[in-house]
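Below: the structure, in structure tokens.
Every chain is numbered from 1, with letters handed out A, B, ... down the list of sequences. Everything numeric in this text was worked out from a predicted model, so none of it was measured.
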Amino acid sequence: MAITPMSENFSKWYNDIVYKADLASQSEVRGSMIIKPYGYELWENIKSGLDYRFKETGHKNAYFPLFIPESYLQKEAEHVEGFSPELAVVTIAGGKELEEPLIVRPTSETIIMHAFSNWIQSYRDLPLLLNQWANVVRWELRTRPFLRTSEFLWQEGHTAHATQTEAEEETAQMLDVYADFAINEAAIPVIQGRKSVREKFAGAVYTTTIEAMMRDGKALQSGTSHYLGQNFAKAFDIRFLDKDQERKYVYTTSWGLSTRMVGAVIMTHGDDKGLRLPPVIAPIQIVVVPIYRKEEQRSLVMDTVDKLTAQFKAVGIRFHVDDSDQSPGYKFNDWEMRGVPIRLEIGPKDVEKNQAVLVRRDIDGRDAKSFVSQDGLVETVQNMLVDIQANLLQQATEFRDSNIVEVDTYNDFKSVVDAGQWAKVWWNENSDLEKQVKNETTATHRCYPFDLQEEGTGKNFLTGEAADQIALFSKAY
RNA sequence: CGGGGCAUAGCUCAGCUUGGUAGAGCGCUCGCUUUGGGAGCGAGAGGCCGUCGGUUCGAGUCCGGCUGCCCCGACCA
């Protein structure tokens, strides 16, 4: 029943929340999971926050096929090499061996770029701004619910532009969209930055990322936006006739965010009692627990509950009334474990006094509880939801900031990384040395953070040479 | 892909050493009593013991094959 404490075993704590809060369950298929209604509602709320932003920035949704001809994937050399170990391939269909195997998409650059090459003829066709919501398959050897599964849900945006500048602006804009969503809706204080060459998307010129710090100090890449240059345009011959009468290759971008975000929410906000959900994306924002002994009390209490929830409904507060047969104490623990931001208790005493008891999930102890008037309750609740949202972001931000440590020697680096913190260092791009660091410490290059760059140069923590960029290293999911 | 472990009720597991009619806790169903921080009592339902084969009068238990899952490592957008 109870959840394994985080301090005892973080992985177990995570799995306990996923399964006991009914977000997902294990499926019969290796490495796959069933997303249950409560988990899927959370994903739907994430989806709608993103989809709204995509539309606001001029993108349209479309849908491309699940199956991709093998030859498409092979057109971009680095891309195919990056994905080939984890592809699921269909070789037999309809009882016959296929002439050309079909790949179950690990991502859709190739099939979408193939379509783009037919659709784009003139500068008037640009920019082309598309997004698709889809499932993709990557045959991972080691899987964890939401963080890494063989099949997962995501969105992938694909755009084509006339100029490099425009494509790079798009790449940056969509990373901003992700960061805005993560910070303001998921209450996750992400760090924006550029990936090292070793960590970038196969086929990209460069990759930008939002990195989040989990409660165990590990980093989670929570969304990525890639500038693809003309790599795919050349591989798929996507050319347009420009105003100056010249045929030119387009510049493309792609960007994606997956159900992994659910894992990020769990591991950013959760505590030993279970999940803590930011009100903006919580499937249930307030749970009502009626309390009564006798039947007369029950109808009295329920009348008040009906009156109050009608007000919630009118203003769009997402509520749930738990009138099951469980004891109140059971319900309190259960809904805290499921991360509902506010609990409302209504008993005979409250009905009599025209009051209600509110308990907020983001605070521990007595301070979490308040006795408020039923008059103006909707406003009280709305204000509290806003306050909880802000408080979760603040708690996560303070945790993150206190766990990023500046180091300039390899020894300090090792102890910081071993302590589960992030190392902020001076660094020069070098894939071989990055690999060495990973082998020796298990920490990886997370990104070159845009907001933490400094003028001039500093001492590379590994080589001691002068370095011109600030990088973050840490253990990661 | 290398090393180790496991497969028995919805879940967690015992039973195997030493073969003899399938067990516990939790959960579930029904009834009564309860209800402001994980309630109590009583009754009940629920299993081709992963699968195929072998040994035996008799296999959850012993032997072999297969399949699946978990952990550690390696790999990894």
Side-chain angles (χ1 to χ4, degrees), chain A residues 1-4 9 11-12 15-16 19-20 25-33 78-87 106-107 109 136-144 147-150 152 154 156 195-204 206-209 211 219-226 254-258 260 273-274 288-295 297-298 301 322-338 343-353 355-359 364-366 368-369 371 435 438-439 442 444-447 476-477:
Chain A
M1 215 65 213
I3 291 183
T4 306
N9 184 336
S11 309
K12 203 146 185 260
N15 284 333
D16 279 356
Y19 299 128
K20 290 183 178 172
S25 69
Q26 288 176 330
S27 83
E28 305 305 306
V29 183
R30 197 199 73 96
S32 304
M33 66 170 173
E78 191 193 353
H79 186 65
V80 67
E81 195 186 330
F83 279 108
S84 57
E86 50 189 66
L87 295 178
T107 177
E109 271 76 6
V136 289
V137 168
R138 298 177 186 178
W139 212 253
E140 302 289 351
L141 295 176
R142 196 114 179 230
T143 60
R144 304 197 57 194
L147 299 177
R148 181 178 284 109
T149 46
S150 292
F152 58 93
W154 77 343
E156 46 181 322
K195 283 290 186 188
S196 68
V197 170
R198 185 178 143 80
E199 298 279 335
K200 78 176 175 69
F201 172 69
Y206 63 81
T207 290
T208 60
T209 177
E211 297 284 325
L220 184 71
Q221 177 181 297
S222 308
T224 48
S225 182
H226 315 289
S254 68
W255 26 277
L257 186 148
S258 73
R260 185 179 245 203
K273 287 194 282 190
V288 181
V289 179
I291 291 159
Y292 45 78
R293 287 169 195 266
K294 301 167 190 155
E295 191 52 35
Q297 290 180 331
R298 187 190 127 87
V301 166
D322 186 355
D323 58 352
S324 68
D325 289 338
Q326 301 287 4
S327 70
Y330 179 92
K331 293 175 187 174
F332 297 167
N333 286 290
D334 193 50
W335 290 109
E336 279 168 4
M337 191 262 293
R338 289 167 201 270
R343 175 175 75 247
L344 171 63
E345 300 172 21
I346 287 272
K349 284 185 248 171
D350 303 308
V351 173
E352 200 180 306
K353 295 185 199 164
Q355 69 170 24
V357 180
L358 293 181
V359 185
D364 283 330
R366 276 203 193 81
K369 203 170 205 171
F371 298 83
K435 187 168 187 176
K438 189 196 170 179
N439 288 341
T442 74
T444 50
H445 188 295
R446 300 320 304 158
C447 68
Y477 281 99

Ignoring hydrogens and angles, state whether a donor on the side chain of N9(A) or T4(A) is under 3.5 Å from an acceptor on the partner side chain. no

Side chains of Q355(A) and K349(A): any donor to acceptor distance under 3.5 Å? no

Write down the distance separating the [atom1] atoms in [N] and [M], rounded off to the nearest Å.
N      : M      : atom1 : value
C1(B)  : G38(B) : C1'   : 46 Å
C26(B) : A43(B) : P     : 14 Å
U55(B) : C11(B) : P     : 34 Å
A39(B) : G3(B)  : P     : 49 Å
G68(B) : C63(B) : P     : 23 Å
G50(B) : A7(B)  : P     : 8 Å
C6(B)  : U12(B) : P     : 16 Å
G60(B) : U51(B) : C1'   : 14 Å

Nucleotide N/O of nucleotides 33-37 of chain B paired with protein N/O under 3.5 Å:
from   : atom 1 : to      : atom 2 : distance (Å)
U35(B) : OP1    : R293(A) : NH1    : 2.3
U35(B) : OP2    : R293(A) : NH1    : 3.3
G36(B) : O6     : P348(A) : N      : 3.4
G36(B) : O6     : K349(A) : N      : 3.1
G36(B) : O6     : D350(A) : OD2    : 3.4
G36(B) : N1     : D350(A) : OD2    : 2.5
G36(B) : N2     : E345(A) : OE1    : 3.2
G36(B) : N2     : D350(A) : OD2    : 3.2
G37(B) : O6     : E336(A) : OE2    : 3.4
G37(B) : O6     : R343(A) : NH2    : 2.5
G37(B) : N1     : E336(A) : OE1    : 3.4
G37(B) : N1     : E336(A) : OE2    : 2.8
G37(B) : N2     : N333(A) : OD1    : 2.8
G37(B) : N2     : E336(A) : OE1    : 2.7

With sugar-phosphate meaning primed atoms plus P, OP1 and OP2, does T107(A) contact a base, only sugar-phosphate, or nothing at under 4.0 Å between heavy atoms? nothing

Could I get a table of every N or O pair under 3.5 Å where one atom is in the protein and the other is in nucleotides 9-11 of chain B?
none

Would you call E295(A) and R298(A) a salt bridge, taking side-chain N to carboxylate O under 4.0 Å as the test? yes

Check ion pair K12(A)-D16(A) (N to O, under 4.0 angstrom): no

Between [X] ([atom1]) and [N] ([atom2]), how many Å, whole number?
X       : N      : atom1 : atom2 : value
R144(A) : A77(B) : CZ    : C1'   : 17 Å
E86(A)  : A74(B) : CD    : P     : 18 Å
E140(A) : A74(B) : CD    : P     : 16 Å
N9(A)   : C70(B) : CG    : P     : 16 Å
Y206(A) : A77(B) : OH    : P     : 20 Å
E156(A) : A77(B) : CD    : P     : 18 Å
N439(A) : A74(B) : CG    : P     : 9 Å
Y19(A)  : U12(B) : OH    : P     : 11 Å

Is there side-chain contact between [X] and [Y], with at least one heavy-atom pair below 4.5 Å?
X       : Y       : answer
F83(A)  : R138(A) : yes
P348(A) : V301(A) : yes
E345(A) : R343(A) : yes
R446(A) : K195(A) : yes

Can any side-chain N or O of R260(A) pair as donor or acceptor with the backbone N or O of L147(A) at less than 3.5 Å? yes

For RNA chain B, write out the stems as range with range, using runs of 3 or more consecutive Watson-Crick or G-U pairs with both distances under 3.5 Å. B:1-7 with B:67-73, B:10-13 with B:23-26, B:28-33 with B:39-44, B:50-54 with B:62-66

Residues forming a side chain to side chain donor-acceptor pair (under 3.5 Å) with [X], sequence neighbours excluded:
X       : value
S254(A) : E109(A)
E81(A)  : none
D322(A) : S324(A), W335(A)

Should the pair R148(A) and W139(A) be classed as cation-pi, given the thresholds of under 6.0 Å to the six-membered ring centre and 45° from the axis? no

Syn/anti label of C48(B) as read from its glycosidic torsion, with the cut at 90° from 0: syn

Return yes if the base of A77(B) and the side-chain atoms of Q221(A) contain a donor-acceptor N/O pair under 3.5 Å, otherwise no. yes

